[in-house]
Amino acid sequence: MEENKVLTPYDRVQIARMKNRPTVSDYIEALFDDFMELKGDRLGAEDASILGGIALFRGMPVTVIGHRKGRTTEDNIKYNFGMTSPEGYRKAVRLMKQAEKFKRPVITFVDTPGAYPGIEAETNGQSVAIAESIAKTITLKVPVITIITGEGSSGGALAISAGDSVWMLENAVYSILSPEGFAAIVWKDAKRAAEACDIMKITAGELLEYGLIDGIIPEGKQTLSAMRKMLFAELARLSRLSEQALVAERYRKYRHIEGEYAPSL
Amino acid sequence: MSEVFLLKRKKLDSLKKMRDSFSGKEEIMECPKCREKMARQVLAMKKFICPECGHYYAVSARERIELICDTDSFREMDAGLKTRNPIKFPGYRKKLELMRNRTGLEDAVVTGIGKIEGEKVAIGVLDSSFLMGSMGTVVGERITRLAETARRKKLPLVIFSASGGARMQEGLFSLMQMAKTAAAVETFKNTGGLFISVLTNPTTGGVSASFASLGDIMIAEPEALICFAGPRVIQQTIGQELPEGFQRAEFLLEHGMLDMVVKRQDMKSILAKIIRIHSGGKSVK
Ligand SMILES: [Zn+2]
């Protein structure tokens, strides 16, 4: 992308979806030491669209959970293009509970076009799995830091994105639904996605202005160092809080997330 | 005998009130299943179940409260809350005005305190006739306040859902309501509260994937559509025929997602029974 060109929200959607964009595995490799993947929901399945595990961040044990996309078609089929099924969310909940037990902060990486809309996913309780994952994230007794790295679409993203501190990459998007889905619902025409992007307010800049996210990580050579700096500062800040204060603070954050746009009489 | 008479009298009164709320107009309803035509008042007496074929009509929030709460026991809370149209969605304010005039509701939910067979409860009812019962900032705020009131007053929490999901017109603010309501009901549950979630037709998307699926006890009305992704979206994605009864209450019950499917005429007494079991003594007598 040219530096001086003003990007439209739809341009950013395209960038966020680019095949060669770094994936959760790249971020894990660059930011953490000794990462070990932990698999399975212990209820009968392993969903590779969620990557989870434990690692060290500057010597501090952390749990990492993220949506996984691949760069090759083969990988993408394995990871279901980052579209998670109930089993993946249940794995995430299992790893969050484990993090709570060992008092490890949780760092989540969000990059999903949405939860998987399939027969099996619905049969196995997609709604319940997402709801329980949101509920677990939002009441967790250890810090949760979220980075939206690509597309953060719908409940499938929110399942692991309701952190204490939520950051977006400069060109990431975060939305109620994919722009195509939004256009299909609002105008019964998925082709009006670009137009939808203009009114949805999905870019990092717009969402920071609304106070719905806490910060933006610039893209380019400085991305990783900015991520490291943010993680270090936020982990230090959140680790100072007592368990009780942390949970109460997170409750307050989402309780009043609308800021000046809270409904009124 | 006099007791029976009194009961009947009460019932008549409540029916009268229901009728009055339709401003005296005789609204004729046609059953979408068997095409039987019937006055709305008559249908109300049948709990909005078609006497010909058993079809469940959609029930408005106010009518549902009449069906579930003891006569005159319901006190509404947080009435008058209005959205600030956070993403300035074109035409949204106009649409809301239209919906308000059409339904007499301010948004897609009614919340308050009422009694079910004498048991005091915090009760919320979503209304699918108001923008598909979708959840934006007002629905999220009222559900959250309801759960917080239930926590403060140590009341059981009962929510009847009927929703197409998150409200598109409020963008990411609507997604945030999933987090906010989930936090509120989960915190209520963690402090010992009883949350009974009743899913009615339809409960989908952002509502089904947040507070509505977090009940200690999960109940649905017969044949209610309950899902995250709607049948059409799934069909488009996978290009396959969907199984018989897929995403209906009975299907979910069979797959372990619900505690029970309860007929509309039994709902009130089942709710009362559950609440009584949870409020009873902790030792054998
Ligand atoms: Zn009928």
Side-chain angles (χ1 to χ4, degrees), chain A residues 86 114-119 121-139 152 154-159 161-162 174-177 181-182 184-186 196 199-202 206-207 210 212-213 247 250-251 253-265, chain B residues 80-90 107 136-138 140-142 144 166-176 178-180 182-187 190 203-206 208-214 226-230 233-234 237-238 240 242-243 246-247 251-252 255-257:
Chain A
Y116 184 58
I119 292 179
E122 287 288 323
T123 306
N124 295 339
Q126 188 69 289
S127 286
V128 180
I130 293 172
E132 288 184 341
S133 190
I134 298 169
K136 190 70 216 171
T137 313
I138 211 155
T139 54
S154 114
L158 188 69
S161 69
Y174 191 16
S175 58
I176 178 76
L177 198 59
F182 185 94
I185 288 185
V186 175
I199 55 175
M200 285 173 79
K201 309 284 192 285
I202 59 176
E206 290 165 321
L207 296 173
Y210 274 126
L212 298 181
I213 62 165
V247 174
R250 195 186 301 125
Y251 188 89
K253 175 187 172 81
Y254 288 93
R255 178 70 185 80
H256 302 292
I257 190 81
E258 306 86 4
E260 61 177 297
Y261 292 101
S264 61
L265 291 172
Chain B
L81 279 184
K82 287 193 175 65
T83 175
R84 305 191 72 121
N85 190 9
I87 68 166
K88 302 185 175 47
F89 190 90
D107 209 296
T137 51
V138 173
E141 179 71 21
R142 287 190 69 168
T144 300
R167 186 168 298 172
M168 294 300 134
Q169 293 89 337
E170 296 189 30
L172 200 73
F173 284 85
S174 295
L175 194 75
M176 293 298 117
M178 294 171 67
K180 174 168 159 169
V185 302
E186 195 68 6
T187 306
N190 287 345
T203 299
T204 72
S208 121
S210 62
F211 68 87
S213 282
L214 295 172
I226 302 160
C227 58
F228 181 62
V233 173
I234 295 174
T237 310
I238 60 171
Q240 255 175 276
L242 302 177
F246 183 58
Q247 298 180 320
F251 183 91
L252 270 85
H255 287 91
M257 299 305 149

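Quick note on labels: first sequence line is chain A, next is B, and so on, each numbered from 1. Predicted model, so just to flag it, every value in this text is computed and none were measured.
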Is the closest side-chain heavy-atom distance between [X] and [Y] below 4.5 Å?
X: Leu158(A); Y: Ile130(A); value: no
X: Glu141(B); Y: Arg255(A); value: yes
X: Tyr254(A); Y: Met176(B); value: yes

[atom1]-[atom2] distance between [X] and [Y], expressed to the nearest 0.5 angstrom:
X: Gln247(B); Y: His255(B); atom1: CD; atom2: NE2; value: 11.5 Å
X: Tyr174(A); Y: Glu206(A); atom1: OH; atom2: CD; value: 15.0 Å
X: Ile176(A); Y: Met168(B); atom1: CD1; atom2: CE; value: 5.0 Å

[X] versus chain A, heavy atoms under 4.5 Å apart: side chain, backbone, both or neither?
X: Ala184(B); value: both
X: Ile87(B); value: both
X: Ser174(B); value: both
X: Phe211(B); value: neither

Task: Considering all heavy atoms, the nearest Tyr251(A)-Ala183(B) contact - done: CE1-O, 3.6 Å
Open item on the list: Ignoring hydrogens, what is the shortest heavy-atom contact between Thr139(A) and Arg250(A)? Give both atom names and the distance.
Closed with: C-NH1, 3.6 Å
Which bit of [X] comes within less than 4.5 Å of chain B, counting heavy atoms only: side chain, backbone, both or neither?
X: Ile185(A); answer: side chain
X: Val128(A); answer: both
X: Ser175(A); answer: backbone
X: Ala135(A); answer: both

For chain B, which of [options] has the most heavy-atom pairs under 4.5 Å?
options: Ile199(A), Ile202(A), Thr123(A); value: Thr123(A)
options: Ala115(A), Ala157(A), Ser154(A); value: Ser154(A)
options: Ala262(A), Ser264(A), Ser133(A), Ser161(A); value: Ser264(A)

Open item on the list: Quick check for you: among Ile226(B), Thr83(B), Thr187(B), which has the greatest number of heavy-atom pairs under 4.5 Å with chain A?
Closed with: Thr187(B)
Task: Contact winner vs chain A - Gly140(B), Ala212(B), Gly80(B), Pro243(B), heavy-atom pairs under 4.5 Å - done: Gly80(B)
- [ ] Answer yes if the side chains of Thr137(B) and Glu170(B) hold a donor-acceptor pair under 3.5 Å, and no otherwise.
- [x]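 Side chains of Thr137(B) and Glu170(B): pair found under 3.5 Å.
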